[in-house]
Amino acid sequence: MNRIPENGNGGGGSSAKPLQPATRLVTAGRVPSEQHGFVNTPIYRGSTVLYPTVEKFLKRDARYTYGTKGTPTTNSLEVAWTELCGAAGTVLVPSGLAAISIALLSCLKAGDHLLVPDSVYRPTRNLCDTLLRKFGVETTYYDPLIGADIAGLFKPNTRAVFTEAPGSLSFEMQDIPAIAAVAHARDAIVLMDNTWATPLFFPPHERGVDIAIEAGTKYCSGSSDLLLGMVSANERCWKDLRAAFDSTAFCAGPEDVFLALRGLRTMKVRLMHHQESALAVARWFAARPEVARVLHPALESDPGHALWKRDFTGASGLFSIVLKPMPDKAAHAFINALTLFGIGASWGGFESLAIPFDCAAFRTATAWTPGGPCIRFHIGLEDVGDLTADLERGFAALRALA
Ligand SMILES: Cc1ncc(COP(=O)(O)O)c(C=O)c1O
């Protein structure tokens, strides 16, 4: 009855060619025969799981044992994400920041030292500087461009290296394989926030990452209507990651998981469209006299382009620009004049966004001196011509104040 390749067998038996990621997006984690033939796993809501006998209750060997530990809905997404990432296992948590938190808690203890790029998503920095510090973990921030020279920052107690490529807001590329080689030679664990690329454009575990984080809130949703985090781990780190999840029960809500499963099936077509439109808009910005630099690693002119080309298979819809020297109020007037770009932080949905930013306020290992006001854009699924016409309006407002 069920003709799709079911959970975990990769499809077609062991002698068949492995399925491509685009196919896995469609097939992974779906078992219609377990859902009366329905295509999608429905939303299972529940706390209590009933057992037929006391003996079975005491043994606790049922597939589902308690609401926080998993349901068929969460299992579908865990299986799909694990397969897509080439991981040993995945946990689902209520947000991207929760994913970063559980990933770090799973591999660190009091007395450990952690290395974190200066370009990291700012709330990750806050977590390191507050909660992790309180529990006795010391963080050193490093230049995201450091590559193999990160060896010089290792201490005898360095337990983990956090990475994120490209950098949040500022889009520096990191040499993940080089950093992973240095870390692994010292028995340290490599974590990566892979939200920008997703496993479709950067297969994290193949490139040396032990624990990969994805804010499912962004492209897995694609509609700005859910909050979710996925953490996948390789064999080395999976047991500890699952133990951290079980001991905290930071479990994701069933409706958000269902919506993420829905989004997952179309993630590749959306990402390809975001990529194409964002590159077109980035190139359009690069030709504007008001723009000093476009921070987008898939542009040939970007300093991180060679690394991006070597390690990534695509780019998503998020990038930044640096304007020529002008007052901040001119950049603000530019954004305020836009009608198709929302002013909002969480990206990855179908809509375009623009926000001003300044990394100088929080960097500690590197100087942020771009020379002009900076704006981060998310390019949504609108028509590119309509977007550039809107941006023209923004530049007219900017010129009035520049
Ligand atoms: C790179 C990156 N990682 C993680 C997150 C956190 O995701 P969430 O909003 O689900 O906590 C964000 C959110 O903007 C992000 O940009």
Side-chain angles (χ1 to χ4, degrees), residues 77 81 85 90-105 116-128 130-132 141 144 162-174 176 191-202 204 209 211-232 248 250-253 255-257 259-260 263-264 267 271 274 278 295-297 304 308 312 315-320 342-349 351-357 359 362-363 374-380:
L77 185 55
W81 198 255
C85 293
T90 298
V91 297
L92 307 178
V93 292
S95 70
L97 185 55
I100 293 162
S101 308
I102 197 93
L104 286 165
L105 290 175
V116 174
D118 216 18
S119 53
V120 79
Y121 173 57
R122 196 174 175 188
T124 305
R125 179 185 284 270
N126 180 58
L127 171 74
C128 296
T130 57
L131 208 60
L132 289 186
Y141 293 97
F162 198 91
T163 62
E164 183 180 335
S168 261
L169 300 170
S170 46
F171 294 89
E172 297 93 336
M173 285 305 296
Q174 291 204 258
I176 305 291
L191 302 98
M192 180 181 185
D193 184 334
N194 193 32
T195 303
W196 182 83
T198 84
L200 283 180
F201 290 159
F202 185 86
V209 174
I211 303 178
I213 293 139
E214 182 81 24
T217 307
K218 317 299 179 201
Y219 286 121
C220 198
S221 156
S223 298
S224 310
D225 57 359
L226 65 86
L227 288 161
L228 187 69
M230 287 89 100
V231 190
S232 61
T248 54
F250 285 163
C251 53
E255 192 150 343
D256 284 352
V257 174
L259 288 172
L264 187 74
M267 194 167 80
L271 271 179
H274 285 292
L295 312 177
H296 189 318
W308 174 81
F312 288 65
S316 60
L318 196 73
F319 67 91
S320 294
I343 303 170
S346 191
W347 46 279
E351 78 287 15
S352 289
L353 301 169
I355 51 167
F357 70 92
C359 303
F362 48 88
R363 291 227 170 181
C374 301
I375 303 174
R376 188 192 73 179
F377 292 93
H378 180 253
I379 303 302

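Whatever order the structure lists them in is the order used to number ligands and atoms, beginning at 1.
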Determine, step by step, whether Ser170 and Arg363 satisfy the side chain to side chain donor-acceptor pair (under 3.5 Å) criterion, reporting the C-alpha distance in whole Å, the side-chain angles of both residues, the deciding distance to 0.1 Å, and the verdict.
CA-CA 11 Å; Ser170 46; Arg363 291 227 170 181; 2.7 Å; yes
Glu214 backbone acceptor or donor facing Thr195 side chain under 3.5 Å
no
Could you give the N/O to N/O pairs under 3.5 Å linking ligand 1 and the protein, each with its distance?
| unit_1 | atom_1 | unit_2 | atom_2 | d |
| --- | --- | --- | --- | --- |
| ligand 1 | 3 (N) | Asp193 | OD2 | 2.7 |
| ligand 1 | 9 (O) | Lys218 | NZ | 3.3 |
| ligand 1 | 10 (O) | Gly96 | N | 2.7 |
| ligand 1 | 10 (O) | Thr217 | OG1 | 2.5 |
| ligand 1 | 11 (O) | Gly96 | N | 3.2 |
| ligand 1 | 11 (O) | Leu97 | N | 2.9 |
| ligand 1 | 14 (O) | Lys218 | NZ | 2.8 |
| ligand 1 | 16 (O) | Trp347 | NE1 | 3.0 |

NZ/NE/NH1/NH2 to OD/OE distance under 4.0 Å, Glu164 and Arg122:
no
Tell me whether the NZ or CZ atom of Arg125 lies within the 45° cone about the ring axis of Tyr141 and under 6.0 Å from its centre.
yes
Residues at least two apart in sequence or cross-chain that pass ring pair (Phe, Tyr, Trp, His ring centres under 6.0 Å) with Trp81, listed by chain then number, are none
From Met230 atom CE to Thr198 atom OG1, the distance as rounded to the nearest 0.5 Å
9.0 Å
